[in-house]
Each structure stands twice: as C-alpha cells, then as structure tokens.
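Below, read A as the first sequence line, B as the second, and so on, with proteins coming before strands; counting in each chain starts at 1. Everything numeric in this text was worked out from a predicted model, so none of it was measured.
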Amino acid sequence: QSVLTQPPSASGTPGQRVTISCSGSSSNIGIKTVNWYRQFPGTAPKLLIYSNNQRPSGVPDRFSGSKSGTSASLAISGLQSEDEADYHCAAWDDRVNVWVFGGGTKLTVL
Amino acid sequence: EVNLVESGGGLVQPGGSLRLSCAASGFAFSTYEMNWVRQAPGKGLEWVSYINSGSYTIYYPDSVKGRFTISRDNAKNLVYLQMNSLRAEDTAVYYCARWMSSSPYGLDVWGQGTTVTVSS
C-alpha cells in the first residue's frame, strides 16, 4: 500500500487533456514539494516535473503540475499516443524521513 | 553525460544475501545524496535507503531496516546496497537515484536498474 494515493489508471483520446491526482498528508505533500516521474515499460522512471510545477529541460509544456494543500496533480494537454506510460508522484516525508511514492497511474491513449 | 549504472542483481534463495553496486559518472558524486528505490513486478515504486554525501546520515524504511545496509565510496564514485536475510517480497528491480536536498530537483537522475529475484 503506497503512502501517496493515485488512481491506478487514466485514459484519454488524442488531443484531449487528462489529469492525474496524487493525494498525501501534512507530513509529505503538505509541506514538501512534489515530483512526477514518467516510466515506459521496461525502463527506469524519468523526472517529468519537479518542485510541484517545474519542467526539466526537454519536457514539453504540454506537461504541467500543480499542488494545493496535501494534494497534487499532473496535467497532460494535447494528448499523444507516445504519452502512454506509467506516471508516479513522489515527495519527501518529513515525519518519518522517507521518500514516499504513489502507486503509479497507467495512462492509456485510446 | 550524467550516468548511474547498477549491477549485482541476480537469483538468490530466501535467507540469502546480495550486494548491489551503483557506479556514478558525469557529475560531482561526492556532493550528492544517494538513494535506492525498488519496484516489485507490476507494482509501484518503493524507496529503500538513503545516504548523505558524507555517509553520516542514513535512513531506511521499516520494511528493510536491520536487513539492508547502504554505503558509499566517494573515491570510487560508488554506492552499495548490502541485502541480507532476503525474502520473496524483496524481489524487484532496484534503482539507484541521486538527490541534492538543497536543490529543488528531488530524485532527478536514476540508473537503469538491476533485477533481484528471491526464490528457491
């Protein structure tokens, strides 16, 4: 059971906008920044969003992140077939000194 | 190019031991905190250990505390994970990931992973 809660799946059609939620608590998302990772099958996770809403160089602006209270969201606009992947949220938990992750959301482009 | 390469995974019997290594290159390894994160088949990510740059602060989750030991050699740009008393539930792909807690980037670079299978 993951500390952060994500929906197990999400889907959309090409061109649509989809959002993926990530719910935590006052000891992690509530006081720490959230990162999002994208993972294609058989490969390592790769940083997609850091510090709640910042994109590393090379990540298109179709990807955006936000945070409010103890929840965060990842939004993908102009959905493309190559966006099919697993998406994971993560945050440091200050109460127990651990990195906590969501269970991952599998995004399907219909 | 910034790179992390894990090695040392394999098949081990329950109760056995394994030592994973992670070789870093392309960045100032001694200034970064390092972590191990694992992913069981079909499951999400689970963080399993942290070591700061000077090796004086180390954290583990309860699931591996007392069985796993993280260490590093800054002269060789290596971080290790010694895993003892392995259980079937430790079966996973193990990734090393770097972190600079003073920066906003979080776990920003990950290795490709090494697979550990615990089975008789």
Inset, instruction - Spell out the residues in residues 9-16 of chain A that have some non-hydrogen atom less than 4.5 Å away from a non-hydrogen atom of chain B, in order of number; otherwise answer 'none'. - result: none
Legend entry - Donor on one side chain, acceptor on other, Glu6(B) and Tyr95(B), under 3.5 Å: no
Legend entry - Region of Thr43(A) in contact with chain B, defined by heavy-atom distances below 4.5 Å: backbone
Legend entry - Region of Gln39(A) in contact with chain B, defined by heavy-atom distances below 4.5 Å: side chain
Legend entry - Polar contact flag, side-chain donor to acceptor under 3.5 angstrom, Gln13(B)-Ser120(B): no
Inset, instruction - Select, from Gln39(B), Gln112(B), Glu46(B), Lys43(B), the one with the greatest count of heavy-atom pairs under 4.5 Å involving chain A. - result: Gln39(B)
Legend entry - Distance-only side-chain donor-acceptor flag, Ser66(A) / Asn53(A), under 3.5 Å: no
Legend entry - Partner chain B: residue of Phe101(A), Trp99(A), Trp92(A), Tyr50(A) with the largest heavy-atom pair count (under 4.5 Å): Trp99(A)
Inset, instruction - Examine distances only and state if a side-chain atom of Arg17(A) and a backbone atom of Ile76(A) form a donor-acceptor pair shorter than 3.5 Å. - result: no
Inset, instruction - Answer yes or no: is there a side-chain heavy-atom contact under 4.5 Å between Thr114(B) and Ser7(B)? - result: no
Inset, instruction - Heavy atoms only, distances under 4.5 angstrom: which of Ala44(A), Gly42(A), Pro45(A), Ala90(A) has the most pairs with chain B? Name it, please. - result: Pro45(A)
Legend entry - Contact origin within Asn97(A) toward chain B - heavy atom pairs under 4.5 Å: both
Legend entry - Heavy atoms from other residues, nucleotides or ligands near CZ of Phe63(A) exceed 12 (cutoff 6.0 Å): yes
Legend entry - Ser27(A) and Ser25(A) side chains, donor-acceptor separation under 3.5 Å: yes
Inset, instruction - Before accepting this row, confirm whether a basic side-chain N of the pair Lys32(A)/Asp94(A) lies closer than 4.0 Å to the acidic partner's carboxylate O. - result: yes
Legend entry - Part of Val109(B) lying under 4.5 Å from any heavy atom of chain A: neither
Inset, instruction - Classify the ring geometry between Trp110(B) and Tyr37(A) as parallel (under 30°), tilted (30 to 60°) or perpendicular (over 60°). - result: perpendicular
Inset, instruction - Indicate whether the side chain of Gln54(A) and that of Asn52(A) have a donor and an acceptor atom separated by less than 3.5 Å. - result: no
Inset, instruction - Please look at Asn35(B) and chain A and tell me whether the side chain, the backbone, both or neither of the residue comes under 4.5 angstrom of a heavy atom of that chain. - result: side chain
Inset, instruction - With a 4.5 Å cut-off on heavy-atom pairs, point out which of Gly44(B), Gly113(B), Gly106(B) contacts chain A the most. - result: Gly106(B)
Considering only distance and modelled atom types, tabulate donor-acceptor pairs under 3.5 Å from the side chains of residues 66-74 of chain B, sequence neighbours left out.
{"unit_1": "Arg67(B)", "atom_1": "NH1", "unit_2": "Ser85(B)", "atom_2": "O", "d": "3.0"}
{"unit_1": "Arg67(B)", "atom_1": "NH1", "unit_2": "Asp90(B)", "atom_2": "OD2", "d": "2.7"}
{"unit_1": "Arg67(B)", "atom_1": "NH2", "unit_2": "Ser63(B)", "atom_2": "O", "d": "3.0"}
{"unit_1": "Arg67(B)", "atom_1": "NH2", "unit_2": "Asp90(B)", "atom_2": "OD1", "d": "3.0"}
{"unit_1": "Arg67(B)", "atom_1": "NH2", "unit_2": "Asp90(B)", "atom_2": "OD2", "d": "3.4"}
{"unit_1": "Arg72(B)", "atom_1": "NE", "unit_2": "Asn74(B)", "atom_2": "OD1", "d": "2.7"}
{"unit_1": "Arg72(B)", "atom_1": "NH1", "unit_2": "Tyr32(B)", "atom_2": "O", "d": "2.8"}
{"unit_1": "Arg72(B)", "atom_1": "NH1", "unit_2": "Asn52(B)", "atom_2": "O", "d": "3.1"}
{"unit_1": "Arg72(B)", "atom_1": "NH2", "unit_2": "Phe29(B)", "atom_2": "O", "d": "2.8"}
{"unit_1": "Arg72(B)", "atom_1": "NH2", "unit_2": "Tyr32(B)", "atom_2": "O", "d": "3.0"}
{"unit_1": "Arg72(B)", "atom_1": "NH2", "unit_2": "Asn74(B)", "atom_2": "OD1", "d": "3.2"}
{"unit_1": "Asp73(B)", "atom_1": "OD1", "unit_2": "Ala75(B)", "atom_2": "N", "d": "3.0"}
{"unit_1": "Asp73(B)", "atom_1": "OD1", "unit_2": "Lys76(B)", "atom_2": "N", "d": "3.2"}
{"unit_1": "Asn74(B)", "atom_1": "ND2", "unit_2": "Ser53(B)", "atom_2": "O", "d": "3.0"}

Inset, instruction - Among the options Leu107(B), Val93(B), Asp62(B), Asp108(B), pick out the one with the most heavy-atom pairs lying under 4.5 Å from chain A. - result: Leu107(B)
